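The chains referred to below are lettered A, B, ... by the order of the sequence lines, with proteins before strands, and numbering in each begins at 1. Everything numeric here is computed off the predicted structure, so don't read it as measured data.
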Amino acid sequence: MDLTEYLLSFLILAGAGFTFVGSLGLARLGDFYTRLHGPTKATTLGVGCLLVASSVYFSSRGDGISLHEVLVTLFLFITAPVSAHLLAKAALHLGLPARGGDGPPAP
Amino acid sequence: MKLLPHPLLSLALALIWLLLNNSAAPGQLVLGLLLGWLIPLFTRAFWPDRVRIRRPVVLLRLVGVLLYDIVVANLAVARRILGDPERLAPAFVEVPLDLTSDLAISLLANTICLTPGTVSARLAADRRSLLVHALDAPDPAATRAQIKARYEAPLKEVFESC
Amino acid sequence: MLSLVIPIAFALVAGAAGLSFWRLLSGPSAPDRILALDTLYVNTIALLVLLGIHLSSALYFEAALLIALMGFVGTVALCKYLLRGDIIE
């Protein structure tokens, strides 16, 4: 029971927890624009945590350092905002209703 | 025609190649550098402007701030998702832009999506303002001020100062 | 400790995939379904990474990378379709 295992357990639990919270936000929030926040932020960070955990795990097994997980992490962190922006733009284009505030501005 | 049109892109491509192969063997290094040289050379029509980073230290500090903010913002978003959805105050916020270059604007939009409970929704046709949706913004002016001071100012300094 | 943590993580991520799938089925609008599909892709990546750790095999990494790529391209194409009513202009 060394330090690496504690770190790994923490990263895996945090990653899975954030992933779950992201999907929970997608399932229970009221309108499309608020639903967008869960998957873009929480899920991305959750999978990021899991990928870092995988990197630590394979590096700690003694076959040299394993860094290619970083590539997927970087890719996700670059693409998630782009998808979110496009989805928000499409929703505005279709004029989906928004709860609270002044509602969505006209296209 | 320049022999090395985009040194930063070349370096990034070589690094990605090494990560993809998960090895730093000399052969892979040579192949990575070769690809990093050839790909920007053959695709230079798609990359009209050379990226200039004026203040690397400011950029590094921005990346540090961003990583910290991503974790903090996620904890905040997680708390709001788990809390009562009726108590949220979602709002659209119009953020006027001082940035002019494409790269800086897209970086700002990405930053906004990853951090403080906001998603960038639409860039105005004249590129002077960005429409942002905030998950919980009781005070839209504060959100706007935070985005401008915390993310836009360093980006402007890195990519557009003379 | 890992043998205790990994099943919990599997359960959480599977629950997340289930919630995304529910949103995919229930809609109500097209962007909602696209968002749910995108989240489902990312949840699958999480499941694959967990499976890789569980089985101590690095083989699943390539699959995760491919799903990430295809998921992004798919989401962008679907959004473009909603925005323009056409993908190839």
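Put simply, the residue from C/Ile34, C/Leu78, C/Thr75 that forms a side chain to side chain contact (heavy atoms under 4.5 Å, CB included) with A/Ser83 is C/Thr75. Among the candidates C/Val49, C/Leu50, C/Val13, the single residue satisfying the side chain to side chain contact (heavy atoms under 4.5 Å, CB included) test with A/Ile12 is C/Leu50.
Taking OH of A/Tyr57 as the start and CD1 of C/Ile6 as the end, the distance is 7.0 Å to the nearest 0.5 Å. If you take CG on A/Leu87 and CG on C/Leu82, they are separated by 8.5 Å, rounding to the nearest 0.5 Å.
In this pair, A/His68 and C/Phe61 present their aromatic rings parallel. The plane angle is below 30°, not in the 30 to 60° band.
Using a 4.5 Å heavy-atom threshold, the side chains of C/Phe72 and A/Leu76 count as separate. Here the side chains of A/Thr19 and C/Asn43 are in contact, with some heavy-atom distance below 4.5 Å. Here the side chains of C/Val42 and A/Pro39 are not in contact, with every heavy-atom distance at 4.5 Å or above.
Ranked by heavy-atom pairs under 4.5 Å with chain C, the list A/Ser54, A/Ser23, A/Ala53 is led by A/Ser23. Note on C/Ser20, C/Pro28, C/Ser26: by heavy-atom pairs under 4.5 Å with chain A, the leading option is C/Ser20. Counting heavy-atom pairs closer than 4.5 Å to chain A, the top-ranked of the candidates C/Ala9, C/Pro31, C/Cys79 is C/Pro31. Contacts with chain C were tallied for A/Leu86, A/Leu24, A/Leu26, A/Val47; A/Leu26 has the most, counting heavy-atom pairs under 4.5 Å. Here A/Ala90 is the residue among A/Ala90, A/Cys49, A/Ala88, A/Gly22 with the most heavy-atom pairs under 4.5 Å with chain C. If you tally non-hydrogen atom pairs under 4.5 Å between each of C/Leu4, C/Thr39, C/Asp32, C/Ile45 and chain A, the highest count goes to C/Asp32.
When heavy atoms are compared at a cutoff of 4.5 Å, C/Ile53 approaches chain A by way of both its backbone and its side chain. For A/Phe32, the parts sitting under 4.5 Å from any heavy atom of chain C are the backbone and the side chain alike. Using a 4.5 Å cut-off between heavy atoms, C/Ala11 makes no contact with chain A at all. Using a 4.5 Å cut-off between heavy atoms, C/Ser57 contacts chain A through its backbone alone, with no side-chain atom that close.
Heavy-atom neighbours of C/Phe21 CZ from other residues, nucleotides or ligands within 6.0 Å: at or below the threshold of 12.
The nearest pair of heavy atoms linking A/Arg28 to C/Arg23 is N-NH2, 4.5 Å. Shown here for C/Leu69 and A/Phe75, the closest heavy-atom pair between the two residues is CD2-CZ, 3.4 Å.
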